2 protein chains.
Amino acid sequence: MGVTIHDVAKRAGVSPATVSRVLNDRPGIRAETRERVLKAARELGYIPDFSARSLATKRTHTLGFLVHARHSLSSHSFYGQVLAAAEKEARQHGYHLLFSTVHDEAPLMLEEQRVEGLILAGCDIPRALILHLKHSGVPFVLVDNHLPGVNSIVIDNEGGAYEAVSHLIRLGHREIGFLCEWMEDLSFAERFAGYKRALQDHGLPYRPELVAEGEPRTPGSGYIAAQRLLQKARPSAVFVANDLTAVEAMRAFREAGLDIPKDIAVVGFDDGDLAPVAYPPLTTVRVFRDALGIQAVRRLLYIIEHPSTPPLQIRVFTKLIIRESCGTPLHAQLPPMPADAGA
Amino acid sequence: MGVTIHDVAKRAGVSPATVSRVLNDRPGIRAETRERVLKAARELGYIPDFSARSLATKRTHTLGFLVHARHSLSSHSFYGQVLAAAEKEARQHGYHLLFSTVHDEAPLMLEEQRVEGLILAGCDIPRALILHLKHSGVPFVLVDNHLPGVNSIVIDNEGGAYEAVSHLIRLGHREIGFLCEWMEDLSFAERFAGYKRALQDHGLPYRPELVAEGEPRTPGSGYIAAQRLLQKARPSAVFVANDLTAVEAMRAFREAGLDIPKDIAVVGFDDGDLAPVAYPPLTTVRVFRDALGIQAVRRLLYIIEHPSTPPLQIRVFTKLIIRESCGTPLHAQLPPMPADAGA
DNA sequence: CTGTTAGCGCATTCAG
DNA sequence: CTGAATGCGCTAACAG
């Protein structure tokens with residue numbers, strides 16, 4: 001506590017500037033001098049003061065990580081894992097992460113010059129904020145969200161849904177429902193698109209009565225969606241836009257006297273911790289949370305170093321995880337599945 | 001970007017020192033001057049530079065939030081919600097949160113003087129680290145963990161377990177099992193203690209064959225624990241030390257042909273997002289995550305302001321949430337329950 | 001290759 | 001009540 005660059009300089013018999021050079025690996029230092037400085041620093045237990053360094057360099061080596069307060073880090077949202085992975089990656093690059101939920105206006109951490117860039121996780125980051133950031137030229141990247149001309153790391157929602165529904169079709173299902181909390185969510189809309197494309201590619205008609213939504217941001221939304229679906233139709237399988245909704249829907253199905261997967265097969269999306277312990281264990285589409293966090297940090301760091309790099313969208317592919325909720329082939333033997341390209 | 005206190009001073013026709021005083025609410029400024037400065041600052045969109053301020057004041061207005069990398073922010077751990085609540089509370093006090101998983105040695109963020117204090121969440125923070133921090137005199141507080149002479153915010157594990165088991169007894173159960181992942185975990189040990197005390201207070205014998213552990217930190221640990229229990233005994237109810245383990249155990253019970261709650265009642269602990277969507281919905285002990293985060297921040301800020309305050313342990317009580325997994329009275333009508341004291 | 005000088009932006013003496 | 005001077009700890013530009 002309190003040993004400065006001056007103390008080190010005095011002990012090593014050099015000037016503070018030399019110490020600074022050595023500690024920052026600047027070129028042009030005699031090897032012998034370098035050793036002497038390093039030794040002195042080590043002996044004194046010198047650790048550079050963060051604020052002083054930031055003030056002098058205008059760099060804080062800190063990144064902001066923002067999520068919307070609503071789903072925040074609730075267990076069913078996987079941003080906690082994205083955060084943890086991001087922090088690990090950031091640390092390996094000498095960066096720290098300042099966490100915050102997003103609220104009203106522009107993040108204070110930015111204006112105070114606390115952070116060099118921002119990671120914004122989730123679909124529900126206010127559009128206005130994103131545009132403001134884009135306009136102001138701050139380095140930032142979206143995770144699980146996207147906008148034209150903005151750097152983002154996205155989940156292959158459409159492809160994952162396509163694969164899930166294709167699997168159902170391959171199992172022999174012809175009447176496949178789609179359930180989600182609400183269509184306005186970007187991710188859910190994309191998963192819905194994947195659902196429709198899979199139907200079409202396999203020559204199956206799209207039938208609106210097989211689609212149902214729950215209530216936006218309401219607990220038990222999946223339960224409601226399932227009930228609504230059952231009033232309109234009786235599909236032999238459903239693809240549900242996320243795990244929690246799927247589990248809630250399964251409950252409604254059970255209460256309606258349907259057995260899962262015998263009477264109705266269900267596939268979810270996310271492969272959160274919920275999926276393996278659901279009853280029955282949920283077939284679902286795995287989202288690689290770590291990859292999202294890691295890529296977000298790498299991309300952001302790159303943008304910071306190369307401010308004029310053109311915006312990029314990085315897509316993280318998904319992987320279908322087959323458990324028990326989707327059952328086995330309905331009628332005949334399956335053709336062999338092509339090898340998986342996940343991970 | 002770049003409007004400094006000097007700019008404000010010039011525009012307001014005063015000196016930088018005066019601006020600083022106004023902006024920091026220092027006494028001894030004429031009202032008229034104050035207004036003029038405030039106006040100038042507003043017009044210029046002045047925002048104080050964080051690094052410069054920190055360097056001058058030796059205060060970063062930043063708190064570190066550490067969790068162990070292992071369970072990190074996985075959905076089944078509720079620290080994500082503690083973090084979110086802590087961040088909100090911190091923000092209201094003008095503080096920011098630096099997030100990190102805990103690893104090898106002393107947190108760099110501390111030595112670099114990035115943070116004024118630390119929140120350490122979870123039972124698995126290395127003992128050595130805690131002792132090191134205590135020795136070095138840094139302000140810090142433990143969450144969901146404790147040590148003599150160290151500030152901490154704890155869950156009433158023992159009391160929560162006591163209430164859960166008492167409920168089971170009240171329902172008519174006499175053979176009540178206890179299941180957990182592994183006994184070495186502090187929280188689980190405390191919950192186990194509550195289990196035993198409840199048995200004792202109700203005149204029931206403690207029988208080791210009714211207790212089983214799974215495998216430490218192994219997925220499906222609850223499943224294993226339940227199987228082990230079933231080999232030794234056939235209780236009519238079990239109290240399980242956390243929700244995830246409970247849900248896994250329920251699966252094992254079902255596979256053994258037991259109906260829940262008819263053949264075996266189960267109660268969990270945590271009331272995470274898993275509990276309400278489990279099958280059947282899980283009766284469990286609610287942990288108030290927000291309270292943990294809020295109290296941690298408040299306590300830490302207090303310690304920072306009053307460094308010599310004696311260490312405190314703050315206990316957050318729990319609340320039994322009754323759902324379906326524990327069924328209804330076994331034999332007779334229940335006596336009326338006393339009003340709840342939760343929240 | 002290394003020392004000296006001069007800030008980074010702000011808060012805080014000490015004068016007046 | 002307010003201004004001028006000083007320094008927080010470090011890096012960078014310029015000499016030497």
Side-chain angles (χ1 to χ4, degrees), chain A residues 1-41 44-62 94 108-116, chain B residues 1-41 44-62 94 108-116:
Chain A
M1 178 98 57
V3 28
T4 78
I5 208 172
H6 283 92
D7 303 324
V8 178
K10 206 185 313 167
R11 182 178 245 266
V14 296
S15 76
T18 300
V19 176
S20 174
R21 287 188 188 104
V22 171
L23 267 32
N24 292 305
D25 276 323
R26 295 269 181 282
I29 295 282
R30 209 192 326 160
E32 191 267 330
T33 310
R34 160 182 304 274
E35 285 315 317
R36 203 146 33 89
V37 170
L38 254 23
K39 181 159 171 290
L44 290 174
Y46 169 76
I47 291 174
D49 180 274
F50 161 71
S51 304
R53 174 179 287 202
S54 300
L55 181 57
T57 58
K58 306 275 99 191
R59 302 206 52 170
T60 57
H61 284 262
T62 307
L108 185 60
M109 58 168 76
L110 198 66
E111 324 220 84
E112 280 180 321
Q113 322 256 14
R114 276 174 183 262
V115 295
E116 299 180 25
Chain B
M1 177 95 60
V3 30
T4 79
I5 207 173
H6 282 91
D7 304 325
V8 177
K10 207 184 313 167
R11 181 178 247 265
V14 297
S15 76
T18 300
V19 176
S20 175
R21 287 190 187 102
V22 172
L23 266 33
N24 292 304
D25 276 322
R26 295 273 179 277
I29 295 284
R30 206 192 327 159
E32 190 267 330
T33 310
R34 158 180 306 274
E35 285 315 316
R36 200 145 36 89
V37 170
L38 255 22
K39 181 158 171 289
L44 291 173
Y46 169 76
I47 292 175
D49 180 275
F50 162 71
S51 304
R53 174 179 290 204
S54 300
L55 180 58
T57 58
K58 307 275 99 190
R59 302 205 55 169
T60 58
H61 284 259
T62 307
L108 185 60
M109 59 167 75
L110 198 65
E111 323 219 84
E112 281 180 319
Q113 322 256 15
R114 274 174 185 263
V115 296
E116 298 180 24

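From a predicted model like this one, the values you see are computed outputs, not experimental measurements.
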What I'd like to find out is whether the side chain of A/Tyr46 reaches to under 4.5 Å of the side chain of A/Asp7, using heavy atoms alone. no
Check your understanding: Without hydrogens or angle criteria, can the side chains of A/Thr62 and B/Arg114 be said to hold a donor-acceptor pair below 3.5 Å?
Key -> yes
#### Entry: Sugar-phosphate only, base, or nothing, as touched by A/Ser54 at under 4.0 Å among non-hydrogen atoms
nothing
For residues 24-34 of chain A, the salt bridge (Lys or Arg N to Asp or Glu O under 4.0 Å) pairs (sequence neighbours left out) are A/Asp25-A/Arg34, A/Arg30-A/Glu32, A/Glu32-A/Arg36
Between CZ of A/Arg59 and C1' of D/dT11 the distance, given in whole Å, is 14 Å
Between CD of B/Gln113 and P of D/dG9 the distance, given in whole Å, is 9 Å
For A/Thr18 and A/Ser15, does a side-chain donor sit closer than 3.5 Å to a side-chain acceptor? yes
Picking from D/dT2, D/dG3, C/dT2, the nucleotide nearest the side-chain atoms of B/Ser15 would be D/dG3
Rounding to the nearest 10°, end axes of the helix from C/dC1-D/dG16 to C/dG16-D/dC1 built from five pairs each make an angle of 40°
Query raised in the report: Between the main-chain N or O of A/Arg53 and the side-chain N or O of A/Thr57, is there a donor-acceptor pair closer than 3.5 Å?
Result: yes
Is the closest side-chain heavy-atom distance between A/Thr60 and A/Gln113 below 4.5 Å?
no
Side-chain donor/acceptor of B/Glu112 to backbone N/O of A/Asp49, under 3.5 Å
no
Atom NZ of A/Lys10 and atom C1' of C/dG3 are separated, to the nearest Å, by 16 Å
Output a table of nitrogen or oxygen pairs between the protein and nucleotides 9-12 of chain C separated by less than 3.5 Å.
from	atom 1	to	atom 2	distance (Å)
C/dG9	N2	B/Ala52	O	3.4
C/dC10	OP1	B/Tyr46	OH	2.4
C/dC10	OP1	B/Asp49	N	3.2
C/dC10	OP2	B/Ile5	N	2.5
C/dA11	OP1	B/Asn24	OD1	3.4
C/dA11	OP1	B/Asn24	ND2	3.1
C/dA11	OP1	B/Arg53	NE	3.3
C/dA11	OP2	B/Ser20	OG	2.9
C/dA11	OP2	B/Asn24	ND2	3.3
C/dT12	OP2	B/Arg26	NE	3.3
C/dT12	OP2	B/Arg26	NH2	3.0

Hey, are the side chains of B/Pro48 and B/Leu23 touching, using non-hydrogen atoms and a 4.5 Å cut-off? no
